[in-house]
Amino acid sequence: MHLRVGGLARAYPSRSCAGCRARSFSTSHSRRSVIIHAGHVQSLNESTNALVSFSTETHNLNFHGPLSNLTVAIKDNICTMHLPTTCSSGMLRGMSNSVPRSRSNSITEFTSPFDATAVEFLKAGGANIIGKANCDEFGMGSLNVNSIHGPVVNPYQSPNEKSVPWAERERRSAGGSSGGSAAAVAAGMCDAALGTDTGGSVRLPASYCGITGLKPSYGLISRSVTFQLIFQKLMDSRWGVVSFADSLDCVGVLGKSVDTVKTVFDSISSYDPKDPTAAAPRTRDRAKASAESLLSTLDVNSSSPDLSSLRIGIPQEYFPFELNTTIVTAVRKVLERLSSLGAQLIPVSLPSTPYALSAYYVIATAEASSNLARYDGVQYGTRSPLLPGADKSKPDNVYAHTRSAGFGAEVRKRILLGTYALTADAFDNYFLQAQRVRQRIKTDFNSNFRIPNAQLSDPSPNPDGVDILLHPSAIRTAPRLDSDAISGLGPYLQDVMTAPASLAGLPAVSVPAGLAADGWPVGVSIVGQWGSDELVLCIGNVIERTSDKDNSNPNS
């Protein structure tokens, strides 16, 4: 293990195992290739700070799996047994390697004794995991500036600055909280990356970095359950994904193309009986059948797709006053291309949308305050020694000091807000009211979609509804890291376009839609009914292929 000069990222070799003593030539050759690739990735990382640890060896790769030709980065709040998991927080950077807290004096970054289920699926498919990606602390943020490892720098190169040396270019946010995952893909460090999306944390970075990002239907990708009783509290009964807000968190996929994202998604979206939030196989099959019946009427794979049977809803509430006008121009070009392929564009209304952001932050902070209560420095998390003269006989003093020192400012703020929302005085007016708004948002979506919601016991189809919704992924392009947009209320407004789909648990994919007037990428989001992930990916693929003919596409 060695420290990268000038930064916090570390390279970690594989743990030894008896079964790996005898290696074929091909395996040894693969290891040398991985080491060379790791060195290249580390050099790319110097300018972006996208990755916080690197893997220098392969780990039981399936060389014949569907992912055998892909390199993948893992967000730092998803557990991996060969790499540390810090959640970009000081609360886990000084933990011992055992849970509960070890009495040993050997203190290092927390390393999980098991892989998250999604990571297990990646390895089974043959993916080469290259390292852990920087993120906002415990997934709380929209710009990836709330990290103990430092902010992530967007690697995108604006056409206006391609002749300007990197050191002199403007530094922009990669988005959050999965900014490290998005930046790693955009910079060419890996083919795909896993992130987590609570209120837009995959789609927003994808939009800012000019790549594709999928937030799947809630419950399709496992977050899993207990490994052993001693790990239950730390991982919040989920096998390997450290929780922020249980009812919102989804493991998402970022990639350079829709095809890459779909390949990874298909490999990790299997049913996991260990996950209590996983959608049942019968529900999955019912939703898949509804989506496939619509896909069978579309010709999306030809060079000239026929979308004449597709009804696209344009929600009027997703074009607020704050939306940058050049983003509207880019979205209109996408709509014009889809219309030229025969798609029907239909204005729709989602009247509860203006209340979505407020409801999201009440619910998310309330659940976060509960999830992070376990990090007290006694059983879980890094314990900070009390100041001389402090009263050690009161547990509250020990807990408060540890949590103040271990958590960053943004996490502390959200814990306090969430704790207040759950108090007796505020519970009815805030938390319950937010849940009522959430239900209204779900009803709005269900009433607009032609495909019925397979999760409902008695779904009623709407023959006059739409098949997908299309809207801008963000209200602006990536903000400068030294601008006012990353302070005050600015970061919270970034999720205004993405939070509704998260509250409803719907699939949404952000794909590049061209460039804004400042030369930076614009993303457009496709949202579908629950379980219609394949449909939104297919339409995203059509947008991607037709956009390749347009020189304004950032990936062209």
Side-chain angles (χ1 to χ4, degrees), residues 50 72-78 87-88 116 118-119 122 132-136 138-144 147 152 154 173-186 190-223 241-245 248-258 260-265 268-269 360 364 471-474 478 491 494-513 521 523-528 533 536-537 540:
V72 183
I74 310 296
K75 188 175 178 178
D76 200 26
N77 63 347
I78 301 175
C87 295
S88 294
V119 176
L122 286 177
K132 300 299 283 291
N134 200 349
C135 62
D136 281 307
F138 282 98
M140 299 185 194
S142 300
L143 300 173
N144 219 144
S147 169
V152 176
N154 195 323
S173 167
S177 61
S178 304
S181 298
V185 172
C190 54
D191 301 303
L194 291 191
T196 59
D197 192 306
T198 305
S201 294
V202 163
R203 292 159 286 162
L204 194 64
S207 177
Y208 284 174
C209 294
I211 62 172
T212 298
L214 169 69
K215 183 203 85 70
S217 300
Y218 182 85
L220 286 194
I221 296 181
S222 173
R223 295 177 297 141
V241 180
V242 182
S243 291
F244 165 15
L248 296 163
D249 293 341
C250 292
V251 175
V253 185
L254 300 106
K256 272 279 191 177
S257 68
V258 176
T260 300
V261 169
K262 187 178 186 305
T263 299
V264 175
F265 171 72
I268 67 175
S269 59
Y360 163 74
H471 63 79
S473 298
Q494 306 303 312
D495 296 328
V496 67
M497 313 295 266
T498 55
S502 292
L503 288 169
L506 303 179
V509 60
S510 176
V511 296
V524 62
S525 284
I526 305 103
V527 181
D533 301 61
V536 300
L537 286 169

(request) Could I get the full list of side chain to side chain contact (heavy atoms under 4.5 Å, CB included) partners for Asp136, not counting sequence neighbours? (result) Asn144, Asn146, Ser177
(request) Side-chain contact test, heavy atoms from C-beta onward, threshold under 4.5 Å: evaluate it for Val511 versus Val524 and give yes or no. (result) yes
(request) Please round to the nearest 0.5 Å and tell me the distance separating atom CD1 of Ile221 and atom CG of Asp249. (result) 12.5 Å
(message) Restricting to side-chain hydrogen bond (donor to acceptor under 3.5 Å, both in side chains), what partner residues turn up for Ser217, sequence neighbours left out?
(response) Asp533
(message) If you compare all heavy atoms of Lys215 against all heavy atoms of Cys250, which two are closest, and at what distance to 0.1 Å?
(response) NZ-SG, 4.0 Å
(request) Quickly, which of Ser142, Ser173, Ser207 forms a side chain to side chain contact (heavy atoms under 4.5 Å, CB included) with Gln494? Name it, please. (result) Ser142
(message) Under the rule for side chain to side chain contact (heavy atoms under 4.5 Å, CB included), what residues qualify as partners of Ala186, not counting sequence neighbours?
(response) Pro155, Cys209, Ile211
(message) If we ignore hydrogens and angles and just use 3.5 Å, is the side chain of Ser181 paired with the main-chain N or O of Leu194 as donor and acceptor?
(response) yes
(request) Heavy atoms only: give me the nearest Ala474-Tyr208 pair and the separation to one decimal. (result) CB-CE2, 4.1 Å
(request) Drop me the distance from Met140's CE to Ser88's OG, to the nearest 0.5 angstrom. (result) 12.5 Å
(request) State, yes or no, whether a side-chain contact exists between Thr196 and Val202 at a heavy-atom distance under 4.5 Å. (result) no
(request) For the residue pair Val72 and Cys190, establish whether any side-chain heavy-atom pair is separated by less than 4.5 Å. (result) no
(request) Measure the shortest side-chain to side-chain distance between Val241 and Val251 over non-hydrogen atoms and say whether it is less than 4.5 angstrom. (result) yes
(message) Nearest 0.5 Å, please: how far is OG1 in Thr498 from CG in Leu503?
(response) 9.5 Å
(message) I'd like to check the salt bridge (Lys or Arg N to Asp or Glu O under 4.0 Å) partners of Lys132; sequence neighbours left out, ordered by chain and number.
(response) Asp76
(message) Counting C-beta onward and ignoring hydrogens, is there a side-chain heavy-atom pair between Val185 and Thr260 closer than 4.5 Å?
(response) no
(message) So Leu122 and Ile74, do their side chains get closer than 4.5 Å, heavy atoms only?
(response) yes
(message) To check you understand the geometry: which heavy-atom pair defines the closest contact between Gly252 and Pro216, and what is its length?
(response) CA-CD, 4.0 Å
(message) Restricting to ring pair (Phe, Tyr, Trp, His ring centres under 6.0 Å), what partner residues turn up for Phe138, sequence neighbours left out?
(response) Tyr375, Phe407
(request) Would you kindly say whether Ser201 and Ser178 are connected by a side-chain donor-acceptor distance under 3.5 Å? (result) no
(message) If you compare all heavy atoms of Leu204 against all heavy atoms of Ser473, which two are closest, and at what distance to 0.1 Å?
(response) CD1-O, 4.3 Å
(message) When you compare the side chain of Thr212 with that of Pro512, does any pair of heavy atoms fall below 4.5 Å?
(response) yes
(message) Can a donor-acceptor pair be found, under 3.5 Å and without considering hydrogens, that links the side chain of Ser502 to the backbone of Thr198?
(response) yes
(request) Sort and list the pairs that fulfil salt bridge (charged side-chain N to carboxylate O under 4.0 Å, His left out) and have at least one residue in residues 193-212, not counting sequence neighbours. (result) Asp197-Arg203
(request) Using a 4.5 Å cut-off on heavy atoms from C-beta on, say whether the side chain of Val527 contacts that of Val536. (result) no
(request) Would you check if the side chain of Asn154 reaches a backbone N or O of Ala478 as a donor-acceptor pair within less than 3.5 Å? (result) no
(request) Looking only at non-hydrogen atoms, find the nearest pair between Ala206 and Gly213 and report the distance. (result) CB-N, 3.5 Å
